[in-house]
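When a ligand or atom number is given, it counts from 1 through the structure's own listing order. Numbers for residues simply follow the sequence, beginning at 1. All values below were derived from every heavy atom in this structure, side-chain atoms included, with hydrogens, water molecules and symmetry-related copies excluded.
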Amino acid sequence: MNLTDSIQYLKGVGPKAVENFHKLGIFTVQDLLLYFPFRYEDFASRGVFELLDGEKATIIGTVVTPANVQYYGFKRNRLSFKIKQGESIVAVSFFNQPYLADKVEVGTEIAVYGKWELAKQQLLGMKVVGQVDSGFEPVYHLTAGLKQTQLVKAIQQVFNDGVLEDLQENLPDYLLEKYRLINRQEAVHAMHFPEDMEQHKQALRRVKFEELFFFQLKLQALKNKEKSGREGLLIKFQQNEIDDKMRELPFELTNAQKSALNEILSDMKSPYHMNRLLQGDVGSGKTVVASLAMYAACLANFQAAIMVPTEILARQHFANLQQLFPELKISLLVSGLKAVERRQILSDLASGHTHMIVGTHALIQDGVDFYNLGLVITDEQHRFGVNQRKILREKGQNPDVLMMTATPIPRTLAITAFGDMDVSIIDELPKGRQPITTRWVKHEQLSEVLKWIQTELLHDAQVYFISPLIEESEVLDLKNAEALYAELKAYFGAFAHIGLLHGKMKNEEKEQIMQEFKSAKLDILVSTTVIEVGVDVPNATIMVIMDADRFGLSQLHQLRGRVGRGVKKSYAILVANPKSDSGKQRMKIMTQTQNGFVLAEEDLKMRGSGEIFGVRQSGIPEFLVADLVNDYNILEVARQEAVAVFKTADEPVHRWLIAQVEVGGGFD
Ligand code: ADP
Ligand code: MG
């Protein structure tokens with residue numbers, strides 16, 4: 001037998017089974033060896049005194065009464081006997097397995113696996129365990145038509161054949177020694193048939209390291225390739241022109257903004273191909289940094305594009321850019337433009353007339369062609385799929401790429417999903433910002449909140465009300481928003497001007513409402529979550545979120561980030577009567593911290609990595625054995641070692657490792 005042999009040559013594996021194995025991704029003998037169980041049944045015997053009610057365990061004892069089979073009804077029966085373990089007498093019952101009576105012999109020892117019923121001092125037997133196979137039994141993920149025993153037999157066959165000897169070690173000795181990892185063959189065997197818990201632990205540690213290390217090697221390989229292999233653009237601009245522009249700003253950049261901008265600019269003017277992630281908490285001022293980077297591209301006679309997830313945001317960026325760069329030709333491309341308008345924009349873009357363009361998904365459609373695209377920025381990148389970002393990038397000849405995110409990404413995810421990118425972080429809010437006071441109130445307290453808002457309105461406060469979210473139903477969302485709008489209108493009467501914003505509105509209507517709110521013609525804006533990302537109205541200071549427990553932590557954080565953008569004191573009011581513990585916990589965490597990174601870590605712990613951005617979307621791979629939440633330490637070490645491999649890439653063992661992960665394309 002060879003590792004590369006097809007599993008169809010195994011004894012007992014017929015054509016049907018082969019098909020089922022294929023469904024599990026098992027084609028060769030090696031695949032089978034590396035198909036690890038996801039848990040183990042623990043058959044190690046236990047003392048009855050230590051068992052909890054309902055616990056499953058194996059107990060060993062001496063049979064003290066003969067087996068008695070009682071039949072009742074058609075086909076139903078119960079076999080019972082007693083065993084003695086130490087000083088305890090334990091009743092054992094099996095339902096509908098009368099044939100087991102043969103194994104029960106007074107005076108001999110027997111091992112029974114079953115469920116402990118404390119009150120009755122009885123073990124509800126599930127199987128009689130042979131002394132030999134006591135210990136751990138693997139449990140595998142299966143597919144319909146394939147049985148546990150079939151899989152186990154096939155794997156046992158492979159081990160019995162000794163082909164495991166051919167499985168090559170794939171971690172260098174220095175790593176095995178440094179982290180005291182067991183060797184690959186030993187680990188693979190112990191993953192399937194561990195002798196005890198400790199051996200299993202060691203095996204798991206080794207295979208997790210292996211998985212994460214090779215994943216990180218792959219990311220590093222990609223990163224290196226981006227940097228050296230591909231030729232990037234040389235974007236030549238005069239730094240003093242950037243400095244002049246910075247002086248024209250109504251504020252001074254924070255130190256964090258300055259250093260992020262410097263990192264971006266030095267990438268741009270180098271021949272490297274920039275592939276950078278800009279992380280900054282809500283309100284940290286990423287837009288201005290992005291704008292200056294776009295300016296640098298234009299100074300070097302390249303075009304720059306920024307893609308954003310919503311039209312409201314696109315218009316906001318467009319207005320900002322126009323104000324900042326009146327000397328440049330800036331276009332806005334969104335869906336639903338008049339045909340003439342759109343044609344003009346596209347032709348200006350293709351002829352190189354346009355310097356900068358802001359757009360929504362409309363930017364990545366066919367027919368949108370650039371003259372010489374030098375810089376591509378995606379704002380709120382997590383709202384776009386991997387492919388959408390790629391399409392935009394491919395509209396130029398290897399343009400520099402900057403992705404921005406206001407949903408701080410926990411470090412674990414950042415180094416997995418974005419490990420192939422360079423990262424800049426803005427970890428400082430502009431001067432003068434006051435912390436947002438966050439309060440969690442119950443629905444019953446809403447009238448008090450409204451009273452308080454009324455007095456705040458007297459002091460020119462502007463208020464957002466976010467209506468409850470009904471998942472996957474825009475119709476119900478709208479109904480909720482309309483109901484809330486009507487309620488508030490009735491409550492405040494002539495006292496306040498109230499506007500309504502929701503996803504079903506026409507774009508011009510949305511834009512008009514936003515403008516009215518911005519110019520303070522409206523005091524209160526009732527909205528569905530369409531305003532979740534990016535909207536910037538510094539004068540708004542109160543954010544009320546209805547049924548806040550329906551939202552996830554990062555969404556709540558985004559929503560709250562709509563206030564606290566100016567110098568005035570801001571408040572977030574979470575109105576919720578959460579039923580679940582996790583809902584309550586989320587409300588509490590929100591009132592305790594305003595730090596997006598802390599919240600992101602909490603979110604990761606509460607929900608697991610897959611759900612945060614959606615695994616597919618983000619490019620975070622699904623791991624077989626490793627778990628991003630719990631294996632953070634291994635991940636971090638694996639990353640350091642992978643980076644080290646590329647630092648001394650010429651060493652033979654490193655050359656071998658790199659050859660293992662040489663890849664054609666990227667993840668992105
Ligand atoms: P975000 O990082 O969430 O996208 P924005 O770029 O929208 O944040 O900036 C939030 C607000 O802060 C805007 O009104 C912006 O003009 C303002 N701002 C940005 N940088 C500074 C700064 N250095 N000092 C004062 N205000 C700033
Ligand atoms: Mg923003």
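Judged purely by distance below 3.5 Å, without hydrogens or angles, the side chains of Gln512 and Glu516 pair a donor atom with an acceptor atom.
Within the 4.0 Å heavy-atom criterion, the part of Asp536 lying near ligand 1 is the side chain and not the backbone. The residue Gln558 has no part lying near ligand 1, judged by heavy-atom distances below 4.0 Å.
For the ligand labelled ligand 1, residue Gln316 lies outside the 4.0 Å heavy-atom shell. For the pair Glu252 and ligand 1, a heavy-atom separation below 4.0 Å is found.
Within ligand 1, the atoms closer than 4.0 Å to a non-hydrogen atom of Arg433 are 10 (C), 11 (C), 12 (O), 17 (C), numbered from 1 in the order shown. Against a heavy-atom cut-off of under 4.0 Å, Val282 is close to the following atoms of ligand 1: 3 (O). Here is the list of ligand 1 atoms found below 4.0 Å of a heavy atom in Leu253: 23 (N). Within ligand 1, the atoms closer than 4.0 Å to a non-hydrogen atom of Thr287 are 4 (O), 5 (P), 6 (O), 7 (O), numbered from 1 in the order shown. Close approach to Thr254 involves these atoms of ligand 1, each under 4.0 Å from a residue heavy atom: 23 (N).
In this structure, the separation between CD on Glu511 and CE on Met514 is 8.0 Å, given to the nearest 0.5 Å.
When only interatomic distances are considered, the shortest N/O to N/O separation between Gly283 and ligand 1 falls below 3.5 Å. Checked against a 3.5 angstrom limit, the closest N/O atoms of Gly285 and ligand 1 fall inside it.
Figure legend: Lys245 and Tyr295 shown as a cation-pi pair, the cationic atom lying under 6.0 angstrom from the six-membered ring centre and within 45 degrees of its axis. A cation-pi arrangement, defined by a distance under 6.0 Å to the six-membered ring centre and an angle within 45 degrees of its axis, is present between Lys569 and Tyr571.
Each of Ile524, Leu522, Leu457 was compared with His497 under the side-chain contact (heavy atoms from CB on, under 4.5 Å) criterion, and only Leu522 meets it.
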For Arg276 and Glu263, what are the C-alpha separation, side-chain angles and deciding distance, and is it a salt bridge (Lys or Arg N to Asp or Glu O under 4.0 Å)? CA-CA 9 Å; Arg276 188 172 279 279; Glu263 286 166 0; 3.5 Å; yes

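Here the closest heavy-atom approach between residue Ala297 and residue Leu375 is recorded as CB-CB, 4.0 Å. Of all heavy-atom pairs spanning Leu265 and Ala296, the tightest one is CD2-CB, 3.6 Å.
Here atom 25 (C) of ligand 1 lies nearest to Pro430 when heavy atoms of Ser291, Pro430, Ser284 are compared.
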